[in-house]
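Just below is one structure, and these are the notes that go with it.
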Amino acid sequence: MTHGLYKRHADLVDRMASARGIDLQEASMRAGLSPDDLADMVQRCAGCAHAGACAAWLDARLGAVSKTPVFCRNADVFDALGRASG
């Protein structure tokens, strides 16, 4: 994966976490999210065909949401992190 592609999808993962009200740094300390787990999330995101729809969905959000879009390849992870964070 090129640096630019990795950076784009790392940004999408971070933005999706923020949209869900999840602090990834806190999740790494409290919910057991390892650096490898985060790298896996970015890899899954990079393999998704809906990056444009994801960015548009994120751009339209105002505040935190309770559900990750169904097309997100990390929806299960975000749901678990959301439950773990409260």
State the [atom1]-[atom2] distance between [X] and [Y], to the nearest 0.5 angstrom.
X     : Y     : atom1 : atom2 : answer
Arg8  : Thr2  : CZ    : OG1   : 10.5 Å
Asp14 : Leu38 : CG    : CG    : 8.5 Å
Gln43 : Asp36 : CD    : CG    : 11.0 Å
Met29 : Asp23 : CE    : CG    : 7.0 Å

| Within the distance-only criterion (no hydrogens, no angle test), does the side chain of Arg73 pair as donor or acceptor with the backbone N or O of Arg44 below 3.5 angstrom? | yes
At their closest point, which heavy atom of [X] faces which heavy atom of [Y], and how far apart are they?
X     : Y     : answer
Met41 : Leu33 : SD-CD1, 4.1 Å
Leu12 : Cys54 : CD2-SG, 4.2 Å
Leu58 : Ala19 : CD2-CB, 3.8 Å
Met1  : Tyr6  : SD-CA, 3.4 Å

| query | Is Asp11 close to Lys7 at the side-chain level, that is, under 4.5 Å between some pair of heavy atoms? | reply | no
| request: Please examine the side chains of Leu24 and Val13, heavy atoms only from C-beta on, and report whether any two atoms are closer than 4.5 Å. | output: yes
| query | How far apart are the C-alpha atoms of Asp79 and Arg83, what are their side-chain angles, what is the distance that settles it, and do they pass the side-chain contact (heavy atoms from CB on, under 4.5 Å) test? | reply | CA-CA 6 Å; Asp79 289 347; Arg83 285 189 301 274; 3.7 Å; yes
| Stepwise side-chain contact (heavy atoms from CB on, under 4.5 Å) test for Arg15 and Asp59 | CA-CA 9 Å; Arg15 289 178 63 202; Asp59 289 344; 2.5 Å; yes
Show me the donor-acceptor pairs, under 3.5 Å and distance only, between side chains in residues 60-69 and residues at least two apart or in other chains.
unit_1 : atom_1 : unit_2 : atom_2 : d
Arg61  : NE     : Trp57  : O      : 3.0
Thr68  : OG1    : Arg20  : NH1    : 2.7

